[in-house]
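Since the structure comes first, as structure tokens, the remarks are kept for the end.
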Protein chains: 2
Amino acid sequence: MKMSDVAKMANVSPATVSRVLSNPELVSKKTRDKVLEVINQVNYQPHIVARQFRTKETKTILAVVPDITSAFFSEVLRGIEHTAIREGYQVILGDTENSVERENDYINLLLQKQVDGMLLLTARLEKEKLEELAEHFPIVLACEYIDGLNVPTVSIDNISAARKATEHLIKLGHERVAHICGPMNVILGRDRLRGFRQAMMSHDLDVDPSYIQEGGNESLESGYNQMMKLLALETPPTGVFVYNDEMAMGAMKAVKNSGLRIPEDIAIVGFDNLKMASVVEPHLTSIDQPKYKIGQKAMSILIQKINKEKITKQSFVMKDHLFIRQSCGGQSFVSSSEQKT
Amino acid sequence: MKMSDVAKMANVSPATVSRVLSNPELVSKKTRDKVLEVINQVNYQPHIVARQFRTKETKTILAVVPDITSAFFSEVLRGIEHTAIREGYQVILGDTENSVERENDYINLLLQKQVDGMLLLTARLEKEKLEELAEHFPIVLACEYIDGLNVPTVSIDNISAARKATEHLIKLGHERVAHICGPMNVILGRDRLRGFRQAMMSHDLDVDPSYIQEGGNESLESGYNQMMKLLALETPPTGVFVYNDEMAMGAMKAVKNSGLRIPEDIAIVGFDNLKMASVVEPHLTSIDQPKYKIGQKAMSILIQKINKEKITKQSFVMKDHLFIRQSCGGQSFVSSSEQKT
DNA sequence: CTGAAAGCGCTTACAG
DNA sequence: CTGAAAGCGCTTACAG
């Protein structure tokens with residue numbers, strides 16, 4: 001059943017059927033009702049690919065994530081999808097599994113006009129390549145970013161958030177503070193390390209090189225292994241800021257397996273504020289990112305770009321919060337980076 | 001840049017360019033090389049939507065999940081996506097957020113020919129509707145299913161797995177065994193309850209009605225609340241089989257918050273064997289589903305259906321395993337439903 | 001308010 | 001092995 005069949009049955013032209021579907025206000029009520037009746041009667045479904053082909057719009061966007069199994073991204077994706085649906089867009093999900101090649105592959109969907117725009121939740125491509133691409137196609141970055149990149153980006157200030165997390169430990173009296181790093185080939189890993197260093201320096205605390213555990217991926221296991229190394233030191237740290245909650249939970253497991261207590265022997269701060277952070281024992285103190293909002297914001301900016309609206313700002317910095325729970329032994333209150341606006 | 005431009009530059013017809021791209025063996029090596037050179041030189045990208053329109057194939061399938069934030073589904077999705085990519089298909093993800101209406105909405109993608117097939121990881125539609133739909137479009141169910149449905153389905157045997165989980169508690173000497181149910185409007189919730197009842201009955205154990213906690217969703221919070229109700233009973237159970245790991249972790253939290261010990265005061269078994277099951281304290285004994293394999297299998301069957309191959313079986317039952325950890329106090333070994341084949 | 005006609009960029013049956 | 005031509009099912013500028 002195609003549009004011309006419906007047209008025949010309703011004694012109108014295909015053009016009129018098309019208008020009833022896409023611009024009903026252009027058609028008289030009488031004609032419109034007649035056409036709609038036929039459409040309902042035969043349960044006509046327009047061939048959307050034909051429409052996409054004709055209009056050069058797919059009403060579909062691609063969201064590329066580095067790891068679909070991460071609890072962090074699923075929240076961001078919800079924000080993206082809700083906004084997309086409200087605006088009449090569908091979302092295709094691309095999982096790179098942390099591979100730059102796969103990230104590159106997904107760009108073909110743009111080049112081949114299979115999607116109207118792309119949301120990158122991972123940004124490991126070269127800056128120049130990405131900028132060049134963004135001149136021709138609607139692209140928005142979120143969560144991850146590239147320094148000085150001239151492409152709209154939605155994220156939190158990872159450096160200051162990491163500084164805040166580290167300072168929380170310092171303020172509780174810890175002087176031997178360590179950092180379990182994220183991947184150093186990802187900017188978030190470098191930023192959070194930098195924030196850690198800044199906090200230590202501004203409080204005149206030395207950073208023992210062995211207190212910085214690099215290497216490994218973002219997994220539970222990696223957090224476990226790196227914490228084991230810290231515990232094996234002659235003078236282990238008393239406080240540890242961990243790259244993210246997933247690794248922090250691995251680190252907690254290492255501490256407990258070693259017969260030590262959290263926070264009495266080792267205090268731990270995480271990052272991302274996953275749901276699990278308030279399930280593990282003791283509940284994990286963590287930096288919260290407004291995951292859902294980041295998704296929403298990134299999607300709305302992408303739609304603006306698709307509609308060729310001018311974007312004034314290129315960098316959208318969202319608020320983070322330190323959720324203080326029991327893993328550092330601090331009292332229970334919420335500190336925030338919020339500037340009241 | 002379109003195909004006819006490339007054709008002109010290479011002094012061939014558009015048909016030849018098309019053949020070079022889709023059926024290179026039909027073109028002489030000389031012509032082929034000439035065309036490929038032009039393609040590379042101008043970096044030509046075919047307009048895929050035009051191809052989809054022309055061939056009536058989108059090479060895209062839709063995977064519908066009830067909850068994208070669930071750690072369980074992301075593993076299944078990986079299995080789906082890896083198989084899809086290997087076979088030249090893309091995957092669109094549809095998140096219903098447990099709403100039947102949203103599940104219904106995604107069916108439009110099929111009706112409108114936007115996807116070649118659909119993988120349902122949730123199945124809350126009416127049986128008749130789904131069967132009717134499956135007559136006209138390639139559809140495969142996975143994880144969830146509908147009793148007696150004549151549509152290919154990949155899952156584990158939830159009833160026997162639930163029985164096995166419950167029997168594990170019984171064999172450890174528990175007589176007051178309770179079940180924290182999943183949602184009763186989902187077949188998995190009903191099946192696991194049934195398995196629980198079967199185990200109790202076949203060991204001549206009474207099931208106190210108050211030991212069956214129904215109601216609530218599949219969340220951590222719901223697991224917490226239902227366990228609190230069990231603990232408030234005059235004679236609380238000593239062992240609890242919980243619908244899934246997420247709820248089980250909520251239930252564990254309730255036990256600990258009440259000052260009781262796991263497994264000494266309350267033993268707990270979960271379901272799904274999430275990664276977090278071996279992170280929480282104590283590590284959670286749980287039924288493992290072969291998530292990745294389920295995804296792989298479901299996707300290969302779907303591709304067979306798309307290719308109009310005959311499917312002999314309609315029901316594909318995968319093996320589950322009981323992973324015994326510390327939350328029941330049993331010793332550490334793996335029991336399996338595996339029939340050596 | 002409505003219709004006739006062109007055309008989006010490919011693929012493929014047909015002819016040579 | 002290659003080309004000319006038709007056609008996939010819509011939308012939209014144009015004319016009336």
Side-chain angles (χ1 to χ4, degrees), chain A residues 1-39 42-60 88 90 108-116 136-137, chain B residues 1-39 42-60 88 90 108-116:
Chain A
M1 174 69 57
K2 47 190 172 178
M3 197 173 266
S4 55
D5 299 324
V6 174
K8 244 172 251 163
M9 292 178 69
N11 280 319
V12 296
S13 70
T16 298
V17 178
S18 174
R19 286 189 193 104
V20 169
L21 255 22
S22 307
N23 290 303
E25 69 282 4
L26 294 181
V27 182
S28 74
K29 176 152 174 30
K30 205 176 141 207
T31 314
R32 204 194 314 146
D33 287 347
K34 189 173 55 179
V35 171
L36 284 175
E37 204 192 312
V38 175
I39 287 177
V42 303
N43 192 22
Y44 166 70
Q45 294 281 352
H47 191 297
I48 298 297
V49 173
R51 176 187 292 169
Q52 293 175 350
F53 172 52
R54 178 54 232 238
T55 59
K56 317 268 103 167
E57 280 182 346
T58 63
K59 287 289 176 184
T60 302
Q90 320 181 61
N108 277 335
L109 294 189
L110 263 185
L111 300 179
Q112 299 170 344
K113 309 277 169 61
Q114 289 195 75
V115 294
D116 294 344
H136 302 288
F137 300 97
Chain B
M1 174 69 56
K2 49 190 170 179
M3 198 173 264
S4 56
D5 298 325
V6 174
K8 245 172 250 164
M9 292 177 69
N11 280 320
V12 296
S13 71
T16 298
V17 179
S18 173
R19 288 191 192 99
V20 169
L21 255 22
S22 308
N23 289 303
E25 70 283 2
L26 295 181
V27 182
S28 75
K29 174 150 174 39
K30 204 176 142 206
T31 315
R32 204 193 318 147
D33 288 348
K34 188 171 58 177
V35 171
L36 285 175
E37 203 192 314
V38 175
I39 287 176
V42 302
N43 192 24
Y44 166 70
Q45 294 282 352
H47 191 298
I48 299 298
V49 173
R51 175 186 295 168
Q52 292 175 349
F53 172 52
R54 179 54 232 239
T55 60
K56 317 269 101 167
E57 280 184 346
T58 62
K59 287 287 175 187
T60 303
Q90 320 181 57
N108 277 333
L109 294 187
L110 264 184
L111 300 180
Q112 299 168 344
K113 312 273 168 63
Q114 289 195 75
V115 294
D116 295 346

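Residue numbers begin at 1 in each chain, while the letters A, B, ... track the order of the sequences.
Proximity of residues 16-39 of chain A to DNA chain D (heavy atom under 4.0 angstrom from any strand atom) is restricted to Ser18(A), Arg19(A), Ser22(A).
Asp33(A) is linked by a side-chain contact (heavy atoms from CB on, under 4.5 Å) to Lys29(A), counting only residues two or more places apart in sequence or in another chain. By the side chain to side chain donor-acceptor pair (under 3.5 Å) test, Thr31(B) is found to be paired with Ser28(B), residues two or more places apart in sequence or in another chain being considered.
For the pair Ala15(A) and Lys2(A), both in contact range of DNA chain D, the more 5′-proximal nearest nucleotide belongs to Lys2(A).
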Can you list the steps and then say if Leu21(B) with Ile39(B) is a side-chain contact (heavy atoms from CB on, under 4.5 Å)? CA-CA 10 Å; Leu21(B) 255 22; Ile39(B) 287 176; 3.6 Å; yes
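Looking at heavy-atom distances under 4.0 Å, Val49(B) makes no contact with the nucleic acid at all.
Taking each heavy atom of Thr60(B) and Gln114(B) in turn, the nearest pair found is CB-O, 4.4 Å. In terms of heavy atoms, Tyr44(A) sits closest to His47(A) at OH-N, 4.3 Å.
The local environment of CD in Gln45(A) is crowded, with over 12 non-hydrogen atoms from other residues, nucleotides or ligands closer than 6.0 Å.
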Using a 3.5 Å limit on both pairing distances, list the dot-bracket string of DNA chain D from the 5' end; Watson-Crick and G-U wobble pairs count, crossing pairs take [ ], interstrand pairs take |. |||.||||||||.|||
Indicate every side-chain donor-acceptor pair of residues 1-13 of chain A with a distance under 3.5 Å to a residue at least two apart or in another chain.
| residue | atom | partner | partner atom | Å |
| --- | --- | --- | --- | --- |
| Asp5(A) | OD2 | Lys2(A) | N | 3.0 |
| Ser13(A) | OG | Ala15(A) | N | 3.4 |
| Ser13(A) | OG | Thr16(A) | N | 3.3 |
| Ser13(A) | OG | Thr16(A) | OG1 | 3.3 |

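When atom types are taken as modelled, the side chain of Thr55(A) and the backbone of Arg51(A) share a donor-acceptor pair closer than 3.5 angstrom. A donor-acceptor contact shorter than 3.5 Å links the side chain of Gln52(B) to the backbone of Thr58(B). Side chain of Asp116(A) to main chain of Glu57(A): no donor-acceptor pair is present (N/O by atom type, distance under 3.5 Å, no hydrogens or angles).
To the nearest whole angstrom, the two C1' atoms, one in dT12(C) and one in dG16(C), are 16 Å apart.
Chain B approaches DNA chain C over the interval dG9(C) to dA13(C), counting the first and last nucleotide 5' to 3' with an atom under 4.0 Å from its heavy atoms.
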